[in-house]
Amino acid sequence: MSLASYIGCNIELSINDDEYSGDFFYIGSCFAGERELQNAKKYQLTTPYVYEVSSPWGIEISEYMDQETCAESKEKLLELCKRMDNYLEKGDYFELFSCWIGEESDKREGEITLQINNFDIDQIEIPEKMLVRFEK
């Protein structure tokens, strides 16, 4: 099984559906198929556009992860916020949800809201099945 991360937003993004090219991550297909994207949209996200954040591992920040993977997730999250900040207008937002492939319709473990450019990455915890709303 694979941990997938999904983002939802109110705008259409340019996505890279080419195979993983060695970038840290990209927005486009990796583990999830159309059914998983639709389930993430239907059960977890509130936005019309849903994308997979593709990398060898989803974004998960929790005390139960090994330190190396957790550090990589923190880097990915900061880069994702930086990229999304370029797309979003003031007052807009994007959502992030990570889960194991096939668990997109499962109950959420929680929900938090953060400012896209104003949070301490070392003070947050984002375990699987947590919905995070990043506001600009």
Exercise for review: Using modelled atom types only, decide if a donor and an acceptor are shared between the side chain of Ser98 and the backbone of Gly58 within a distance under 3.5 Å.
Suggested key: no

Exercise for review: Could you tell me whether Phe134 and Phe94 have their ring centroids closer than 6.0 angstrom?
Suggested key: yes

Check your understanding: Under the criterion side chain to side chain donor-acceptor pair (under 3.5 Å), which of Glu104, Gln44, Glu109, Glu103 is the partner of Lys129?
Key -> Glu103

Check your understanding: So, are Lys76 and Glu72 salt-bridged, with charged N and O less than 4.0 Å apart?
Key -> no

Point to revise | Asn118 atom CG: more than 12 heavy-atom contacts under 6.0 Å | key: no

Exercise for review: Ignoring hydrogens and angles, tell me if any N or O in the side chain of Glu128 forms a donor-acceptor pair with the backbone of Glu60 under 3.5 Å.
Suggested key: no

Study note, to complete from the structure: Closest non-hydrogen atoms of Leu37 and Glu52, given as atom of the first, atom of the second and distance, are CD2-N, 4.0 Å

**Study point:** Backbone of Leu13 reached by a side-chain donor or acceptor of Tyr51 within 3.5 Å
**Key:** yes

Review point. Distance-only, no hydrogens or angles: does the Lys136 side chain make a donor-acceptor pair with backbone N or O of Asp85 under 3.5 Å?
Key: yes

Exercise for review: State, without any angle test, whether Glu95 and Thr46 hold a side-chain donor-acceptor pair at a distance under 3.5 Å.
Suggested key: yes

Revision key, fill the gap. Heavy-atom nearest pair, Val50 first then Ala40, reads CG1-CB, 4.4 Å

Exercise for review: Just do the side-chain contact (heavy atoms from CB on, under 4.5 Å) check on Arg133 and Glu111 with the steps written out, would you?
Suggested key: CA-CA 8 Å; Arg133 179 178 167 134; Glu111 193 171 325; over 6 Å; no

Exercise for review: Please step through side-chain contact (heavy atoms from CB on, under 4.5 Å) for the pair Phe97 and Ile126, ending with a clear verdict.
Suggested key: CA-CA 9 Å; Phe97 184 80; Ile126 305 175; over 6 Å; no

**Study point:** Approximate separation, where rounding is to 0.5 Å, of Ile11 CD1 and Asp92 CG
**Key:** 6.5 Å

Review point. Can you check whether Gly33's main-chain N or O pairs, donor with acceptor, with Glu36's side chain at less than 3.5 Å?
Key: yes

Review point. Does Tyr93 belong to the same Ile/Leu/Val/Met/Phe/Trp/Tyr cluster as Tyr87, with side-chain heavy atoms less than 4.5 Å apart forming each link?
Key: no

